Amino acid sequence: MLRPALKRSSVLVSGVLLAAALSGATSPAHAAAAGGKYVALGDSYAAGSGVPGQYAGLCLRSDRNYGHLVAARIGGSYTDVTCGAAKVKAMTEAQWDGPFRVNDPQLNAVTADTTLVTLGIGGNDLGTSDLGIADVIATCIAGAVVNPLGTPCKDHYADGHWSWSQWAWVWGEDSLAKRVDGAAPQLASVLQKIHAKAPNARVLVVGYPSVLPENERDCFGRQPVTVGDVAYLRGVLGKVNTMLAATAKANGATYVDTLTPTRGHDVCSDDRWVEGALPGSPTVPFHPNATGEAAMAGAVLKALGR
């Protein structure tokens, strides 16, 4: 979904340092074999940001992300242009981090002979900065410091305020929900462009795994976010997956559910496949570790009948 806060978020500094330490490893972007042509598109969840070994500079791409694992299983040629912090617009526009050009438009990699495309995107459209959803995470963590028993994240994004007329705390329009809705037509356009460029390709839209538990109380004292905001953010991420599934169905693509096979292995579990603010295994904060990437690869392979 996101690249760690390379410039601003002190909360995610540990993940940045980890990724930087790993980035010395190199890996080819293409792995040729007999068979079809597979192109992987998407953000840091697709890139496996922080999972060794890292390459592709600030894109923080891993040679153990789910795309690489799927490619190794199915054979054929493989092109990976995934990139941390990518938003939907990064499919058709160059991606920048401040003055630095990080990645070319990802759809450039899709050609007429492409036979398989996986696309994992949408989460970063919740954020307004180059950091994508990382700025949302930073806002929620900062709010928990000053209001540890409330819902500061929900209050910020859903206009939480006291209503004297109702004599109650109420919420207004949810800006995160609005951003999810705004990403849907952009994603639809991208899927249509993929079909136009590669009319014989099978297109899979890969959803996001189980980042937060179904019981928000499981996170008490385990992550620097309030219990109430865990429930709120779980709902937002659920809305992202629902949007991805609906948009895929409406535009000739297959949705890959990665939430179900990773349930119980969230950032607050004892057996994490998605790490939290302080990763216990190599990855960037709030991202899948190597086991999580493998689980996502399994979901893609299942969708392919492998």
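The figures that follow rest on heavy atoms only: side chains count, while hydrogens, waters and symmetry mates do not. By convention here, the first residue in the shown sequence is residue 1. All values derive from a computational prediction rather than experimental measurement.
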Salt-bridged, [X] to [Y], with N to O below 4.0 Å?
X	Y	result
Asp229	Lys154	no
Asp125	Lys89	no
Arg222	Asp270	yes
Arg263	Asp266	no

Are the side chains of [Y] and [X] in contact, using a 4.5 Å heavy-atom criterion?
X	Y	result
Trp96	Asp130	no
Tyr255	Asn241	yes
Ile121	Met91	yes
Asn147	Thr226	no

Measure across [X] and [Y] and return the closest heavy-atom pair with its distance rounded to 0.1 Å.
X	Y	result
Thr283	Pro279	O-CG, 3.6 Å
Ala183	Met243	CB-CE, 4.1 Å
Gln106	Val81	CD-O, 3.1 Å
Pro282	Pro52	CB-CD, 3.5 Å

Do [X] and [Y] have side-chain N/O donor and acceptor atoms under 3.5 Å apart?
X	Y	answer
Asp43	Tyr208	yes
His68	Asp63	no
Lys37	Thr111	yes

Task: Set of residues satisfying side-chain contact (heavy atoms from CB on, under 4.5 Å) with respect to Thr262, sequence neighbours excluded - done: Pro209, Ser210, Trp273, Ala295
Quick one: does any side-chain atom of [X] pair with a main-chain N or O of [Y] as donor and acceptor, under 3.5 Å?
X	Y	value
Arg234	Glu214	yes
Glu216	Val230	no
Thr139	Asp135	yes
Asn65	Ser62	yes
Lys197	Ala112	no
Thr258	Gly207	yes
Asn103	Cys59	no
Arg306	Leu301	no
Gln223	Ala277	yes
Asn251	Thr247	yes

Open item on the list: Is it the case that atom CZ in Arg272 sees more than 12 heavy atoms from other parts of the structure closer than 6.0 Å?
Closed with: yes
TODO: Tell me, yes or no, whether the heavy-atom count around Arg217 atom CZ, taken from other residues, nucleotides or ligands under 6.0 Å, exceeds 12.
DONE: no
Joint cluster assignment, [X] & [Y], ILVMFWY side-chain distance < 4.5 Å:
X	Y	value
Val227	Leu233	no
Leu259	Leu244	no
Leu69	Val256	no
Phe286	Val180	yes

Hey, what do you get for [atom1] ([X]) to [atom2] ([Y]), rounding to the nearest 0.5 Å?
X	Y	atom1	atom2	result
Thr79	Asn108	OG1	CG	12.0 Å
Tyr232	Tyr157	OH	OH	8.0 Å
Met296	Thr118	CE	OG1	9.5 Å
Gln192	Ser189	CD	OG	6.0 Å
Leu60	His287	CG	NE2	9.0 Å
Lys87	Leu187	NZ	CG	15.0 Å

Open item on the list: Please determine whether side chain to side chain donor-acceptor pair (under 3.5 Å) holds for the pair Asp80 and Thr82, giving the CA-CA distance in whole Å, both sets of side-chain angles, and the decisive distance to 0.1 Å.
Closed with: CA-CA 6 Å; Asp80 186 352; Thr82 57; 2.6 Å; yes
Task: Partner of Leu204 by side-chain contact (heavy atoms from CB on, under 4.5 Å), out of Leu116, Leu119, Val117, Val70 - done: Leu116
